[in-house]
Visitor: 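Right, I'll just put the structure down here and ask away after.
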Protein chains: 2
Amino acid sequence: MSPRRSAAAALETREEIVARAVVVASTDGLEGLTIGRLAGDLSMSKAGVIGHFGTKERLQLATLEEAITIFTREVWAPVADLPAGLERLLAICDAWIAHLQSGVFPGGCFLTAASMEFDGRAGPVRDRVIAGFEQWRAAVERDVRAAVKAGQLPAATDPAQVWFELNALAIGLNQALQLLGDEEAPVRARRAMRRAIGVGAAE
Amino acid sequence: MSPRRSAAAALETREEIVARAVVVASTDGLEGLTIGRLAGDLSMSKAGVIGHFGTKERLQLATLEEAITIFTREVWAPVADLPAGLERLLAICDAWIAHLQSGVFPGGCFLTAASMEFDGRAGPVRDRVIAGFEQWRAAVERDVRAAVKAGQLPAATDPAQVWFELNALAIGLNQALQLLGDEEAPVRARRAMRRAIGVGAAE
DNA sequence: GAATTTAGCAAACGATCGTTCGTAATCTAT
DNA sequence: ATAGATTACGAACGATCGTTTGCTAAATTC
C-alpha cells in the first residue's frame, strides 16, 4: 500500500508513531528506540516512519515532548484548578505518586529514565529534559512559596530544599516500583514527602 | 601485534578492558557499551576484547561487578571499621555524598544508571543490579537497627523507611549533579539525610 | 479535469552491531 | 627441546542501524 491517507490522517499516523515510541522508549530508553523496531510494530516501512520526523533525533524529541505532555496531564492537570498553596502542593504529591503507580509508562517514569540516560550527552534532547525538569521545579516551588506566604508553612521553609527532596523521593519511588516491585514504596514516599514539606503525616 | 602477553599479563588485559568499560558505560550505559568502541579505545581487535568474556552480556556483568567493587571501596570501606550504629550510619551518608561528588564515574552513579536502564528487562544483569541494591540496603538498615538498639535513635524508627529515603536522596543528588550541575545539591542532600535519619542537621 | 503536492513503500546505501573462525605468536609444561 | 594451551589478531558472518533515493498512488490545488 502506498499513501492513501489524507493530510489530516497523516497527522494521525504521526501521532500513532509517537504514541508507540513513548511506550517503546519507556522500557528501552530513547537511545534504544529504533526506527526499524517502530516500523515493524506499526506495520510500516522504515522510510514511512522516519519521513514524519526527518531524523532520529527529532523523533526522540517528539517522543520526549509527548512524554512531557502525558506527565503534565497526569500530574499537573488534576490539581491545576486548586488555588496555589499548601493544599495544591499536597495534591501534587499525591498525583505524582499516583502517576508513578499508574503504569502509564510501562518502563517507569519516562523523564527520570531520560534524565539518567542523557545526563552525560550534550544535545537538544538533554536540553529538553533539563527544561522539562526546570519547568516542573518552578511549579512546585511556586506552591511552596505560596504556602509560606499564606502562613501554611514556616517562614524558614526553603522552596529549593523542598523541591530537591520531593523530586528525589519521586525518583526513588520510581526505582522501588520498577526495579524491586516494592509495594510499600508508595506509602513510604507519601510519608517522606509530607515530612519534607514540613507537615504531619496525618494530613 | 599478536598475543604476546603472558597468562598473568592477560589478566591485566582483562582488567584494562573492564576498567575502560566502566568509564564508557558510566556515560553511555551498559547497553550503549560497544565491543568495537572498546576495541578502538584500547587499540585492540574486537575478537581480542570479546575473547576475554565470550559474550557481551558477560562483559556487561564483569563491568557491573567492577562498578560494585568501586562503590564498595569508595563508600563502604572508609566506614567499615567503625562500630555499627548511628556514628557509622552518618559516616555512610557522608561517604555516599562524597562518592557521588568525586567523579569516579564520569557519567554519574553507575548503579543508579544501571538500575534505570535495566529495570524493565529481565536477565542476569538486572538480577545483579537488584542483588547489589539489596546488599547495600541490608548494610544500611543494619546500622539503623544498631542505632535504635543502642538508644541513639527513637525506638519507633523504621529501618526500611530510612533506607528508602536515604537511597532516594542519593539518587536525587546524583541527578542534580549530573544533569543540572547543581552545586548546592550535596549540602541539600546531607541536610535531608540527617533529617531522614531523625538527627539534627547540626550533627 | 489537469497539475501539483504529499504519504508511504520498496530497495539500497555504508556503517556498525555481536559473534565466529582460522591462524600466528607466545607462554607453560613436560 | 618439544608439545599443548593461551592470547590476540585479521577477516568475515548475517543482522540491524539511520538515512537516502526513486516511485506510485492518493489527496489537494488550480
Side-chain angles (χ1 to χ4, degrees), chain A residues 1-22 24-25 27-64 117-118 121-126, chain B residues 1-22 24-25 27-64 117-118 121-126:
Chain A
M1 300 162 248
S2 288
R4 330 253 146 41
R5 309 196 75 162
S6 68
L11 264 182
E12 267 179 41
T13 302
R14 198 192 131 107
E15 282 165 17
E16 283 168 19
I17 296 172
V18 171
R20 182 66 197 161
V22 167
V24 173
T27 59
D28 290 1
L30 274 172
E31 210 58 52
L33 187 63
T34 263
I35 298 170
R37 158 81 187 278
L38 228 38
D41 287 359
L42 298 168
S43 299
M44 293 180 62
S45 67
K46 293 205 291 174
V49 169
I50 198 62
H52 285 274
F53 308 92
T55 253
K56 178 175 178 181
E57 189 176 68
R58 283 209 285 271
L59 166 62
Q60 290 177 322
L61 283 169
T63 306
L64 180 56
E117 193 177 0
F118 282 86
R121 325 181 191 185
V125 177
R126 181 191 141 110
Chain B
M1 307 165 241
S2 288
R4 334 249 145 42
R5 309 196 75 162
S6 67
L11 262 182
E12 268 179 41
T13 301
R14 199 193 130 104
E15 282 166 16
E16 282 167 19
I17 296 172
V18 171
R20 181 68 196 160
V22 167
V24 173
T27 60
D28 290 1
L30 273 173
E31 210 57 52
L33 188 62
T34 262
I35 298 170
R37 158 82 188 278
L38 227 40
D41 287 359
L42 298 169
S43 299
M44 292 181 61
S45 67
K46 292 206 293 174
V49 170
I50 197 61
H52 285 275
F53 308 92
T55 253
K56 179 176 177 181
E57 190 176 68
R58 283 210 286 269
L59 165 63
Q60 289 176 323
L61 284 169
T63 306
L64 178 57
E117 194 178 358
F118 283 85
R121 327 180 190 186
V125 177
R126 180 191 142 110

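Residue numbers start from 1 in every chain, and the chains themselves are labelled A, B, ... in the order their sequence lines are given, proteins ahead of strands.
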Visitor: Hey, could you give me the OG1/CG distance between A:T27 and A:L33, rounded to the nearest 0.5 Å?
Guide: 9.5 Å
Visitor: Just to be sure I understand the geometry, which residues of residues 42-59 of chain A put a non-hydrogen atom under 4.0 Å away from DNA chain C?
Guide: A:S43, A:M44, A:S45, A:A47, A:G48, A:H52
Visitor: Could you note down all residue pairs passing salt bridge (Lys or Arg N to Asp or Glu O under 4.0 Å) where residues 42-57 of chain B supplies at least one of them, sequence neighbours left out?
Guide: none
Visitor: Please list, chain by chain and in numerical order, all residues satisfying salt bridge (Lys or Arg N to Asp or Glu O under 4.0 Å) with B:R121, sequence neighbours excluded.
Guide: B:E31
Visitor: Do B:V125 and B:E117 come within less than 4.5 Å of each other through their side chains, counting heavy atoms only?
Guide: no
Visitor: Please report, rounded to the nearest Å, how far the C1' atom of D:dT6 is from the CD atom of B:E12.
Guide: 16 Å
Visitor: Roughly how many Å is it from CD1 in A:I17 to C1' in C:dC9, rounded to a whole number?
Guide: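 Between C1' of C:dC9 and CD1 of A:I17: 13 Å.
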Visitor: Please, which pairs that meet side chain to side chain donor-acceptor pair (under 3.5 Å) have at least one residue in residues 35-44 of chain A, sequence neighbours excluded?
Guide: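 Counting only pairs at least two positions apart or across chains, the side chain to side chain donor-acceptor pair (under 3.5 Å) contacts touching residues 35-44 of chain A are A:R20-A:D41, A:D28-A:R37, A:R37-A:D41.
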Visitor: Does A:S45 reach the main-chain N or O of A:G48 with its side chain, forming a donor-acceptor pair under 3.5 Å?
Guide: yes
Visitor: Got a sec, which residues hit salt bridge (Lys or Arg N to Asp or Glu O under 4.0 Å) with B:R126, two or more places apart in sequence or on another chain?
Guide: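 Listed in chain order: nothing, the list is empty.
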Visitor: Atom CG in B:L59, atom CD1 in B:I17: separation rounded to 0.5 Å?
Guide: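 Between atom CG of B:L59 and atom CD1 of B:I17 there are 8.0 Å.
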Visitor: Quick one, which residues of residues 28-39 of chain A touch DNA chain C with a heavy atom under 4.0 Å?
Guide: none
